[in-house]
Amino acid sequence: MSAEVPPGRVPEVLDAWRLVAARRGVEGRLPLSALTRLQGLLYDVDGEVRFSLDFDTDELRVPYAELKIEAGLPLLCQRSLERFVMPVRIEQRLGLIRDEADEAALPPGYEPLLMPEDGMLRPAELVEDELILAVPVVPVAPDSEAVERDFSATQVELDAANPFAALSSLKKNN
C-alpha cells in the first residue's frame, strides 16, 4: 500500500520503523539533476527516476523495505563516444538492521540496510546509491559495434618506443 508523492515532493526523510509498523510505503519521482553524486557519471541530467519503497515484515518478522527503481541513465558510450540511454530497473529487498551483527540473521535474498539510530531514512540518497552501483565502469551502448584493428607496429615505431634504442646504436659504432 503506497502513497503517490507528487514530483518534487519526495519526503526528505522517512521514519522507517513507523512505516514498517503501518505496512506503508511511498512512491515518487526525482529529476536526475537532483542526484548530485550521480551527476559525475552521467553524460547529462535529462530525465527522471521513478521509485517506490514499500515497508513491511516477512513471515520471520524481519523488517524490510522493498525498493523498486526505474530510470533511463544518459551515458557516454566508450566505444562510439556518443550519448546513449541505459535503461535501469532495480528491484531489491533491503533487510533493515540496527547493528552490523544483525546482517548474519537476514534470510537469503535480502541486502542489508544499516539504519541510523533515529530510524530516519533518506529515500533520495538510497535511490542515488543504487543508481551509482548500476552504472557500468565502462559504459558501452548495446547497439555499438566493436572496433577491430590490427595494431602491429613497425620496427621504427618499436625503436621509437624504446628509450634505449639510441644508446644501443652508439654502442654498436664503438
Side-chain angles (χ1 to χ4, degrees), residues 1-78 81-142:
M1 179 182 233
S2 296
E4 173 71 29
V5 178
R9 304 279 306 173
V10 175
E12 191 173 318
V13 293
L14 300 171
D15 186 339
W17 302 122
R18 180 176 286 173
L19 289 169
V20 166
R23 304 175 86 177
R24 301 281 321 236
V26 295
E27 293 180 4
R29 297 172 188 257
L30 292 166
L32 289 176
S33 59
L35 306 175
T36 54
R37 293 178 296 132
L38 179 66
Q39 287 179 11
L41 303 172
L42 302 178
Y43 184 78
D44 57 49
V45 291
D46 293 340
E48 69 177 10
V49 179
R50 293 186 342 209
F51 74 94
S52 67
L53 259 172
D54 291 308
F55 296 86
D56 203 349
T57 55
D58 65 10
E59 55 277 349
L60 299 173
R61 303 182 55 87
V62 174
Y64 69 86
E66 188 85 27
L67 175 64
K68 295 180 183 176
I69 301 172
E70 285 187 31
L73 301 180
L75 301 173
L76 178 65
C77 175
Q78 296 302 302
L81 297 180
E82 294 179 355
R83 178 189 191 269
F84 76 101
V85 176
M86 182 181 89
V88 174
R89 181 172 287 204
I90 298 170
E91 290 187 25
Q92 195 161 48
R93 185 167 279 195
L94 304 167
L96 307 180
I97 58 176
R98 298 175 196 265
D99 189 271
E100 288 182 16
D102 297 338
E103 181 179 345
L106 289 177
Y110 282 63
E111 285 294 320
L113 179 60
L114 184 61
M115 296 297 298
E117 282 187 35
D118 63 3
M120 301 308 277
L121 184 67
R122 299 185 181 286
E125 288 180 10
L126 182 60
V127 168
E128 187 172 21
D129 289 344
E130 293 299 324
L131 289 174
I132 288 170
L133 292 172
V135 174
V137 174
V138 179
V140 177

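Keep in mind it's a predicted model, so treat the numbers as computed, not measured.
Closest heavy-atom contact between V13 and M120: CG2-CE, 3.7 Å. Among all heavy-atom pairs drawn from C77 and A141, the shortest one is SG-N, 3.3 Å. When all heavy atoms of W17 and L96 are compared, the closest pair comes out as CH2-CB, 3.7 Å. Nearest heavy atoms, F51 versus V127: CG-CG2, 3.7 Å.
Checked against side chain to side chain contact (heavy atoms under 4.5 Å, CB included), L106 has the following partners two or more places apart in sequence or in another chain: V62, I97, Y110, P112. Listed by chain and residue number, nothing satisfies the salt bridge (Lys or Arg N to Asp or Glu O under 4.0 Å) test with E117 (two or more places apart in sequence, or in another chain). When the side chain to side chain contact (heavy atoms under 4.5 Å, CB included) test is applied to Q92, the partners found at least two apart in sequence or on another chain are I90, L94, E111, E130. Judged as a salt bridge (Lys or Arg N to Asp or Glu O under 4.0 Å), and not counting sequence neighbours, D102 has no contacts.
Sorted by first and then second residue, the salt bridge (charged side-chain N to carboxylate O under 4.0 Å, His left out) pairs with a member in residues 55-73 read R23-D56, R50-E70, E66-R93, E70-R89; sequence neighbours excluded.
E103 CD to L113 CG: the interatomic distance, rounded to the nearest 0.5 Å, is 11.0 Å.
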Can you list, pair by pair, the side-chain donor-acceptor contacts under 3.5 Å of residues 30-43, counting residues two or more places apart and other chains?
residue, atom, partner, partner atom, Å
R37, NE, E128, OE1, 3.4
R37, NH1, D129, OD1, 2.8
R37, NH2, E128, OE1, 3.3
R37, NH2, D129, OD1, 2.8
Q39, NE2, S33, O, 2.6

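Within the 4.5 Å cutoff, no side-chain heavy atoms of P63 are placed close to those of M115. Side-chain contact check for L75 versus R83: every heavy-atom pair is 4.5 Å or farther apart. Using a 4.5 Å heavy-atom cutoff, the side chains of F55 and L121 are in contact.
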Practice item. Could you walk me through whether L126 and L53 pass the side-chain contact (heavy atoms from CB on, under 4.5 Å) test, one step at a time? Key: CA-CA 10 Å; L126 182 60; L53 259 172; 4.0 Å; yes

